[in-house]
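Data block below; observations after.
The structure presented is a predicted model; accordingly, all values stated were derived computationally and were not measured.
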Amino acid sequence: MNSNASRPTPRANTGSVLRNFISDSGMAFIRLERRFDPFFRPAFDAFLRDPLARLTTALINSRRPNEGLHIAEEKLMPDEDSFTDSIVKSFTRQMSDLWKPGGFERGGNTKTQGIVRGEFIVHEDIPEHMKRGIYAKPQTYHAWVRFSGPGPYITPDIDDVGFMSISIKLMGVPGPKLMDEEQHTLDMFGVSTPTFVTPDAKCNAALQIESVKNAQIFYFVNLRDSHVLDLIMQSLFIKTQSSPFEAPYFSCVPYLMGEGQAMQYSVWPKTTKRTPIPRLPLRPPDDYLRNAMVSSLAEGDVELDVRVQMQTDPHLMPIENAGVLWPEKLSPRVSVATLRLPRQKFDSPAQMEFAKRLSYNPWHTIPDHRPLGNQSRARRRMYWELSQLRHNMNAVPHYEPTGDEVFE
């Protein structure tokens, strides 16, 4: 059985008929809206999205105290480890409910649209203060790049919430690593919203508790601890996607850019092309996003622009709150590398299965790019433990790729 095959989203299981109805009705509305979204969304994005994002960010910041931190300075949360424990517990339960041994999928960014070969080409004309770590000199790294859907479910593309992710594994990266399970790799992550779905690990733990019930809406909208502004910010950027190659991706959380400097990175399409979505407003093929990738890479190379945004204001560009959009007026995004995906065929069963063997973790990196903030500190153990669970349940050992892998 192909565990990466699309299937319907599970119904809510809150223990309350009314709450189940509210959650399921909300998801049904989103699925309906996705069929019509492409007909009006370009105009909305062009005229309203960015002003509304700035307004939402201002409202979020108005509720945040200025803690007087410095550039790249972290601050531990009280009970941080207990929130990580809760996140791991929730994901473990949900993964065990959704998947069977031999077919365990990832807890998040679950549906593999495809894993493709790439080249990460560092530019020559990088500002001097950004020449740190992998950006210290012009060079090219081989990469395995995984494009994926939102998770925790694997649904037909038109039925997901309009969210995609990218995971980049660079190979042949020299120097000591922050995790010793891989010696020669560096992993990078991005999602198609510029802020993370939750501001911190405490809120992430609360979201995952509702996710186990398949009723995430009650994390965002409730009478005790509502997160409506975070919901609005996410809603401004999630939409019906045309192709994984045609959306920007954002790290959402900060990383070091050498000692004493912090940055976020993003990955942007170099083309304005938009692949038509088949059959809208009727039902497109379940895997139309993968089909768009196959078509693009059959025609030729795909290039994406990697940009870095340096932290210049510790309060308005926080380290410990991943729900705040870093303003470009304070620090523009600077192009530092090109992610080139050469023309290729990638959708063989063997190559799709290869994606299951890989473990991506933001702590597969070098000290110059150490992940920052409570979400990243939680991710270190969360990603590792859930990767161990997935590999153990599938009886597949951890594998560090070299880039020389060949598939029939």
Side-chain angles (χ1 to χ4, degrees), residues 50 53 57 69-74 118-141 143 145 165-171 173-175 177-178 185-196 237 247-270 303-341 360-373 375-376 379:
D50 289 348
T57 300
L69 301 177
H70 298 96
I71 293 292
E73 183 180 359
E74 298 178 273
E119 294 178 328
F120 190 91
I121 306 165
V122 179
H123 296 168
E124 294 185 16
D125 55 344
I126 297 175
E128 195 64 33
H129 66 286
M130 294 184 181
K131 292 182 178 180
R132 303 290 186 273
I134 60 173
Y135 306 107
K137 61 182 181 180
Q139 55 195 315
T140 298
Y141 299 100
V145 186
S165 64
I166 186 174
S167 304
I168 306 167
K169 185 178 287 288
L170 306 184
M171 291 162 289
V173 178
K177 305 300 186 294
L178 298 180
T185 63
L186 184 147
D187 293 352
M188 302 173 66
F189 296 80
V191 297
S192 57
T193 57
T195 59
F196 198 57
F237 292 91
Y249 299 91
F250 305 87
S251 69
C252 296
V253 295
Y255 296 79
L256 282 181
M257 188 61 150
E259 195 61 38
Q261 296 189 121
M263 58 93 171
Q264 290 188 8
Y265 54 77
S266 51
V267 181
W268 297 77
K270 287 192 173 185
E303 289 192 347
L304 305 169
D305 189 36
V306 181
R307 304 175 189 174
V308 162
Q309 184 182 26
M310 301 296 292
Q311 185 196 35
T312 58
D313 185 312
H315 176 62
L316 296 178
M317 308 171 76
I319 295 293
E320 300 293 346
N321 189 319
V324 175
L325 180 62
W326 285 17
E328 285 194 80
K329 69 178 182 179
L330 293 181
S331 178
R333 297 186 175 104
V334 177
S335 177
V336 293
T338 295
L339 179 60
R340 177 178 171 269
L341 310 176
Y360 288 86
N361 191 311
W363 292 82
H364 290 160
T365 190
I366 57 179
D368 270 347
H369 300 312
R370 177 170 59 84
L372 300 173
Q375 297 267 30
S376 290
R379 276 170 146 183

pair L69-P318: side-chain heavy atoms closer than 4.5 Å: no
Atom of P269, atom of L304 and distance for their closest heavy-atom approach: CA-CD2, 3.6 Å
Student check: side-chain heavy atoms of M317 and S331 closer than 4.5 Å: yes
side-chain contact (heavy atoms from CB on, under 4.5 Å) between K177 and I366, intermediate numbers included: CA-CA 5 Å; K177 305 300 186 294; I366 57 179; 3.8 Å; yes
Side-chain (W363) to main-chain (S376) donor-acceptor, under 3.5 angstrom: yes
Carboxylate-amine/guanidinium contact E328 R307, below 4.0 Å: no
OH on Y360 to OG on S165, rounded to 0.5 Å: 10.5 Å
Test item: Q311 side-chain N/O and A72 main-chain N/O as donor-acceptor pair under 3.5 Å: yes
Side chain E74, main chain G373, donor-acceptor under 3.5 Å: yes
Side chain Q264, main chain Q309, donor-acceptor under 3.5 Å: no
Distance-minimising heavy-atom pair for P194 and L325: CB-CD1, 3.5 Å
Donor-acceptor list for residues 250-258 side chains, cut-off 3.5 Å, not counting sequence neighbours:
{"unit_1": "S251", "atom_1": "OG", "unit_2": "V253", "atom_2": "O", "d": "3.0"}
{"unit_1": "S251", "atom_1": "OG", "unit_2": "Y265", "atom_2": "N", "d": "3.2"}
{"unit_1": "S251", "atom_1": "OG", "unit_2": "Y265", "atom_2": "O", "d": "3.3"}

Flag, side chain of T312 to backbone of L330, donor-acceptor distance under 3.5 Å: yes
Residue pair T57 / V324, side-chain heavy-atom distance below 4.5 Å: yes
Separation between CD of Q375 and CG of N321, rounded to the nearest 0.5 Å: 8.5 Å
Set of side-chain contact (heavy atoms from CB on, under 4.5 Å) partners for H123, sequence neighbours left out: D125, I126, D305, S335, T338
Shortest non-hydrogen contact between S192 and Y249, atoms and distance: N-CD2, 4.1 Å
Side chains of P314 and E73 in contact at under 4.5 Å (non-hydrogen atoms): no
Over all atoms of both residues, closest heavy-atom pair of G323 and T195: O-CG2, 3.7 Å
Donor-acceptor under 3.5 Å (Q139 side chain, V122 main chain): no
Over all atoms of both residues, closest heavy-atom pair of A262 and L372: CB-CD1, 3.8 Å
Among T185, I134, T140, side chain to side chain contact (heavy atoms under 4.5 Å, CB included) partner for L170: I134
4.5 Å side-chain heavy-atom contact, H129 and M310: yes
Mutual orientation of the aromatic rings belonging to H369 and Y135 [parallel < 30°, tilted 30-60°, perpendicular > 60°]: perpendicular
pair M263-R132: side-chain heavy atoms closer than 4.5 Å: no
Residue that, paired with I168, satisfies side chain to side chain contact (heavy atoms under 4.5 Å, CB included) out of V145, L186, V306: V145
Shortest non-hydrogen contact between F189 and S167, atoms and distance: CD2-OG, 3.8 Å
Validation row: P367, L178 side chains within 4.5 angstrom (heavy atoms): yes
From CG (L339) to CD1 (I121), nearest 0.5 Å: 8.5 Å
